[in-house]
Amino acid sequence: MEENFEFSFENPEHRHKYWHTCSHVMAQAVKRLWPEVKLAIGPAIDEGWYYDLYSPFAFTPDHMEKIEAEMRKICKEKLKLERFELPRAEALEFMKDEPFKVELINDLPEGEAISFYRQGEFTDLCAGPHLDSTGRIKGNAIKLLACNASYWRGDASRESLQRIYGIAFPKKEELDAYVTRLEEAKKRDHRRIGKDMQLFMTDDLVGRGMPMFLPRGYTIWRELENYIRDKELKLGYQHVMTPCVGTVELYKTSGHWDHYKENMFPAMQVDEETYVLRPMNCPHHMMIYANQPHSYRNLPLRIGEIAHDFRYEASGALKGIERGRHFCQNDAHLFVTPEQIKDEVSKVCDLIFECYKDFGITDYRCVLSLRDPADKVKYHPDDEMWNTAEAALREVLVELGIDFTEEIGEAAFYGPKLDVNVRPAVGAEYTLSTCQLDFCLPAKFKLTYIDRDGSEKTPVVLHRAILGSLDRFMAYLIEETMGAFPTWIAPDQVKVMTITDRVNDYALSVTEKLCALGVRAEADLRNEKIGYKIREHQSMKVPYMLVIGDKEAENGEVSVRTREGKTATMSAEAFAEAITAEIKSKSLTLTIGE
């Protein structure tokens with residue numbers, strides 16, 4: 001072992017080395033227990049590691065427990081990790097019983113070093129790096145998380161493998177905290193809640209990454225759509241509807257074909273034209289602007305659309321409605337003069353933060369995403385344009401007093417952008433809202449306006465999305481609220497439940513009056529015990545349940561029970577007045593009940 005071993009788990013390189021060594025310890029444990037299992041690959045990943053294995057049997061939780069126990073033994077043995085190299089012929093002979101390793105060796109370029117790491121009786125083909133000893137790993141802070149199916153080299157026509165995921169930390173308390181976060185993440189996972197609450201579904205027959213919103217889920221989606229559209233209308237946005245496809249020539253003109261083709265669905269030949277499913281809406285909106293002449297007097301022009309888009313996301317990146325291959329963007333393009341940039345960016349930021357306040361979003365950070373000047377492939381090649389655009393957006397953000405950090409290489413291919421990244425209750429942060437400054441596409445589409453001096457100028461475009469995609473925003477809300485939505489968003493706002501059939505007519509009259517006021521109310525007249533009804537509607541996170549028996553019917557009252565367990569008795573008219581006020585105010589909390 002090294003004499004002066006300095007290790008910090010905060011250092012990403014150190015974490016990677018720790019987890020990479022753990023993957024070798026796991027592979028060694030598997031080979032000790034079941035020598036017939038063949039090894040594929042076992043890299044460190046963002047959180048932990050995985051190892052792909054070819055096994056004649058399926059790994060079960062019992063197998064995982066045995067592997068963990070053997071890993072702890074290997075850690076206690078403090079086996080030294082030693083790196084060595086072999087010529088190609090010797091390497092192939094050395095790995096002759098491991099067919100996947102043989103394939104990897106054969107694929108290595110001639111002249112490239114073929115390195116191995118040995119620990120005790122176990123040796124693996126690997127470039128490293130690793131810790132110097134298995135004793136550096138804390139045996140009681142190791143946990144195997146899952147075993148999923150995979151294909152060798154991601155090719156469905158190749159061998160079917162089993163991928164075991166693991167995590168480890170230098171201290172057991174850190175592992176315990178991580179496991180607690182995982183359990184919390186499972187409870188909040190929008191895919192589970194979406195299924196349990198009948199909000200959306202997926203089916204491979206329709207297609208992976210193609211979620212379908214069920215009636216209850218589409219109610220939430222529609223509320224979000226109406227919310228943001230109403231906000232935009234008040235700010236002078238004009239809404240349009242454009243096709244979900246465009247010609248390849250459209251995307252060649254915009255530059256997306258060169259810079260974004262790998263994220264687009266394959267092209268389709270129709271008659272004499274080649275079409276693609278659109279991944280974004282800006283080219284369509286550019287054409288709408290180009291449809292008629294413009295003067296500085298009618299700028300800014302704000303074009304908005306709740307638009308259906310399609311992107312070819314890798315199957316491993318798909319995650320319910322948070323990341324799919326079909327989604328709907330709360331998109332808009334603002335065509336402005338250079339003098340209007342500051343004012344319009346300010347209004348976009350005001351709208352973002354106003355919406356965040358309405359939804360109670362407080363944990364976020366602003367990022368100025370810039371190009372990487374060294375990347376000559378990803379970004380539109382115009383240094384002067386980039387310098388002008390980045391300086392302009394930076395200056396605006398500073399003048400507006402918005403705190404932000406700068407990140408190189410995160411810009412869109414056509415311009416810099418402000419990203420607002422939210423930190424969800426569980427999981428890594430991600431971008432929810434964005435405002436992008438674009439000098440590039442207006443020039444590509446030869447867009448113009450007549451300035452006050454009579455000269456022809458090119459407008460600047462702000463690409464902006466406030467709620468991002470409605471799908472992702474809904475996933476965010478599901479996980480933040482665990483399905484307990486504010487009343488104004490909730491798919492079912494009131495359930496009116498009867499204790500006896502004698503009060504059915506009164507229950508129906510209460511329900512009808514609420515529905516007439518725009519409340520999403522439904523009567524539950526089933527011949528079931530009231531406790532069963534309450535539990536069922538509580539599980540669906542219905543904000544308010546009205547229990548009606550003989551007394552309530554006689555007095556014109558309702559017994560109110562919230563999903564949180566609070567209760568109150570009031571007149572039906574008072575409840576109707578209270579809930580309509582709560583919905584109108586878009587309150588984040590339930591306001592009725594003791």
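Count residues from 1 along the sequence. As the structure is a computational prediction, the values presented were derived from the model and not from experiment.
No more than 12 heavy atoms of other residues, nucleotides or ligands lie within 6.0 Å of CD in Glu13, so this atom counts as exposed by the packing criterion. By the 6.0 Å contact criterion, CD on Glu10 is open, its count of non-hydrogen atoms from other residues, nucleotides or ligands being 12 or less. Around the CZ atom of Phe353, the shell of radius 6.0 Å holds more than 12 heavy atoms that belong to other residues, nucleotides or ligands. By the neighbour-count criterion of 12 heavy atoms within 6.0 Å, atom CG of Asp203 is densely surrounded, having more than that number from other residues, nucleotides or ligands. Heavy-atom contacts from other residues, nucleotides or ligands closer than 6.0 Å to CZ of Phe265 number more than 12. By the 6.0 Å contact criterion, NZ on Lys195 is open, its count of non-hydrogen atoms from other residues, nucleotides or ligands being 12 or less. Surrounding CG of Asp107 are more than 12 heavy atoms belonging to other residues, nucleotides or ligands, all under 6.0 Å away.
Proximity of Ile164 to Leu144: side-chain heavy atoms (C-beta onward) are separated by under 4.5 Å at one or more points. Looking at heavy atoms from C-beta onward, Met95 lies in side-chain contact with Ile105 at the 4.5 angstrom threshold. Looking only at side-chain heavy atoms (C-beta outward), Arg208 and Leu318 come within less than 4.5 Å of each other. With a 4.5 Å cut-off on side-chain heavy atoms, Tyr275 and Leu250 do not count as touching. The shortest side-chain heavy-atom distance between Val30 and Tyr51 does not fall under the 4.5 Å cut-off. No side-chain heavy atom of Leu161 sits under 4.5 Å from any side-chain heavy atom of Tyr151. Ile114 is not listed as a side-chain neighbour of Pro87, based on a closest heavy-atom distance of 4.5 Å or more. Residues Ile321 and Phe213 meet the side-chain proximity criterion, which asks for heavy atoms closer than 4.5 Å.
A side-chain donor-acceptor contact under 3.5 Å links Ser433 and Tyr356.
Rounded to the nearest 0.5 Å, atoms CG (Leu368) and CD1 (Ile408) are 8.5 Å apart. Rounding to the nearest 0.5 angstrom, the gap separating the OH atom in Tyr165 from the CH2 atom in Trp49 is 13.0 Å. Taking CG of Asn281 as the start and NE2 of His308 as the end, the distance is 10.0 Å to the nearest 0.5 Å. To the nearest 0.5 Å, the span separating SG on Cys22 from NZ on Lys138 amounts to 13.5 Å. Of the inter-residue distances, the one linking His326 atom NE2 with Phe310 atom CZ reads 4.5 Å to the nearest 0.5 angstrom.
For Glu47, there are no salt bridge (Lys or Arg N to Asp or Glu O under 4.0 Å) partners at least two apart in sequence or on another chain. Applying the salt bridge (Lys or Arg N to Asp or Glu O under 4.0 Å) rule to Arg32 yields the partners Glu70, Glu77, Glu121; only residues at least two apart in sequence or on another chain are considered. Residues forming a side-chain hydrogen bond (donor to acceptor under 3.5 Å, both in side chains) with Gln538 (at least two apart in sequence, or on another chain): none.
Aromatic rings of Trp19 and Phe9 (six-membered ring for Trp) have centroids within the 6.0 Å cut-off, being under it. Ring centroids of His63 and Phe57 are separated by less than 6.0 Å, placing the two rings close together. Aromatic rings from Phe485 and Phe359 are positioned such that their centres are separated by 6.0 Å or more.
Look at Lys171 and Asp176 and you find no salt bridge, because none of the NZ, NE, NH1 or NH2 atoms lies under 4.0 Å from a carboxylate O. Looking at Asp189 and Arg191, a side-chain N of the basic residue comes within less than 4.0 Å of a carboxylate O on the acidic one, giving a salt bridge. A salt bridge does not link Asp62 to Lys66: none of the charged side-chain nitrogens sits closer than 4.0 Å to a carboxylate oxygen. A salt bridge links Lys187 with Glu184; the closest basic N to acidic carboxylate O contact falls under 4.0 Å. For the pair Glu407 and Arg365, the salt-bridge criterion is met [side-chain N within less than 4.0 Å of a carboxylate O].
Taking the six-membered ring for Trp and thresholds of 30 and 60 degrees, His190 and Phe200 have ring planes inclined between 30 and 60 degrees apart. Ring planes of Tyr178 and Phe169: tilted class, angle from 30 to 60°.
In this structure, Arg163 satisfies the cation-pi test against Tyr50, with its NZ or CZ atom closer than 6.0 Å to the six-membered ring centre and inside 45 degrees of the ring normal. A cation-pi geometry, defined here as NZ or CZ lying under 6.0 Å from the six-membered ring centre and within 45° of its normal, does not hold between Arg83 and Phe116.
One N or O on the side chain of Glu480 and one on the backbone of Ala425 form a donor-acceptor pair closer than 3.5 Å.
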Requested in this report: Apply side chain to side chain donor-acceptor pair (under 3.5 Å) to the pair Glu103 and Trp152, showing each step before the final yes or no.
Outcome: CA-CA 11 Å; Glu103 183 174 330; Trp152 174 233; 3.1 Å; yes
Query raised in the report: Between Ser469 and Gln329, does a side chain to side chain donor-acceptor pair (under 3.5 Å) hold up when you go through it step by step?
Result: CA-CA 4 Å; Ser469 79; Gln329 285 197 79; over 6 Å; no
Report task. Evaluate the criterion side chain to side chain contact (heavy atoms under 4.5 Å, CB included) for residue pair Leu125 and Tyr117; output intermediate values, then yes/no. Result -> CA-CA 7 Å; Leu125 174 73; Tyr117 277 83; over 6 Å; no
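Annotation for Ala267 and Trp257: closest pair CB-CH2, 4.4 Å, computed over non-hydrogen atoms.
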